[in-house]
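Notes follow the structure.
If you read the sequence from its start, that first residue is 1, and numbering goes on from there. Fair warning: this is a prediction, and the values are worked out from it, not measured in the lab.
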Amino acid sequence: MANANLNNDKEQLTAADKEFENNIRPSQIADFSGQEQIIENLRIFIKAAKMRGEALDHVLFHGPPGLGKTTLSELSPMNWE
C-alpha cells in the first residue's frame with residue numbers, strides 16, 4: 001500500500017531540493033544507519049571481490065521506499081572500509 005503523503009515524483013523537485021536531498025545522504029558506509037546485517041554482508045562481498053581482484057558480483061536491492069536502497073547503491077566502494 002502506497003503512502004499518500006510520499007511524493008516519489010523526482011521531476012517536481014527544485015534544484016535546491018535535489019541538492020539538499022543529496023547532501024543529507026551518507027557518503028560513507030560508516031555514516032549509514034540501520035540494516036546492519038545487510039551492511040555486514042556487503043562489506044564481506046566487497047572485501048572478497050577486492051581480494052580476488054575481480055568486480056563485485058551483481059547485487060539486487062529490493063524493498064519498499066525508504067529502506068536506503070538508493071543510498072547504498074550510490075556509495076562508492078572506496079568508502080566501504
Side-chain angles (χ1 to χ4, degrees):
M1 173 188 279
N3 185 333
N5 296 319
L6 294 177
N7 181 1
N8 291 332
D9 186 7
K10 300 290 184 188
E11 294 176 9
Q12 292 182 359
L13 293 177
T14 66
D17 289 338
K18 290 178 184 177
E19 182 178 351
F20 176 75
E21 184 176 293
N22 288 333
N23 287 337
I24 63 171
R25 289 180 189 264
S27 60
Q28 298 180 15
I29 194 61
D31 299 333
F32 194 88
S33 62
Q35 306 290 350
E36 288 83 12
Q37 186 60 50
I38 292 170
I39 298 299
E40 184 59 27
N41 287 346
L42 287 170
R43 284 181 196 265
I44 292 167
F45 298 159
I46 291 169
K47 184 176 180 180
K50 284 182 177 182
M51 289 174 68
R52 293 189 310 263
E54 298 177 359
L56 180 65
D57 290 333
H58 294 280
V59 177
L60 178 65
F61 295 115
H62 173 267
L67 296 179
K69 300 177 301 290
T70 301
T71 300
L72 279 174
S73 69
E74 291 177 350
L75 289 176
S76 167
M78 299 304 291
N79 296 328
W80 281 78
E81 295 180 14

Apply side chain to side chain donor-acceptor pair (under 3.5 Å) to Thr70 and list each qualifying residue two or more places apart in sequence or on a separate chain.
-> none
Residues pairing under salt bridge (charged side-chain N to carboxylate O under 4.0 Å, His left out) where one sits in residues 29-42, two or more places apart or in two chains, turn out to be none
Joining Ile, Leu, Val, Met, Phe, Trp and Tyr whenever any side-chain heavy atoms lie under 4.5 Å apart, the cluster holding Ile24 also takes in Phe20
With rounding to the nearest 0.5 Å, note down the distance linking CD1 in Ile39 to CZ in Phe32.
-> 5.0 Å
Taking the side chain as every heavy atom from C-beta outward, state whether Asn22 and Glu19 have any pair of such atoms under 4.5 Å apart.
-> no
Hey, what do you get for OG1 (Thr71) to CD1 (Ile29), rounding to the nearest 0.5 Å?
-> 10.0 Å
Could you tell me whether a side-chain N or O of Lys69 sits under 3.5 Å from a main-chain N or O of His62, the two making a donor and an acceptor?
-> no
Point-to-point distance, once rounded to the nearest 0.5 Å, from CG of Leu72 to CG of Leu42 | 6.5 Å
For Glu54, enumerate each residue passing the salt bridge (Lys or Arg N to Asp or Glu O under 4.0 Å) test, keeping only those at least two apart in sequence or located in another chain.
-> Arg52
Lys50 (side chain) donor-acceptor with Leu56 (main chain) under 3.5 angstrom | no
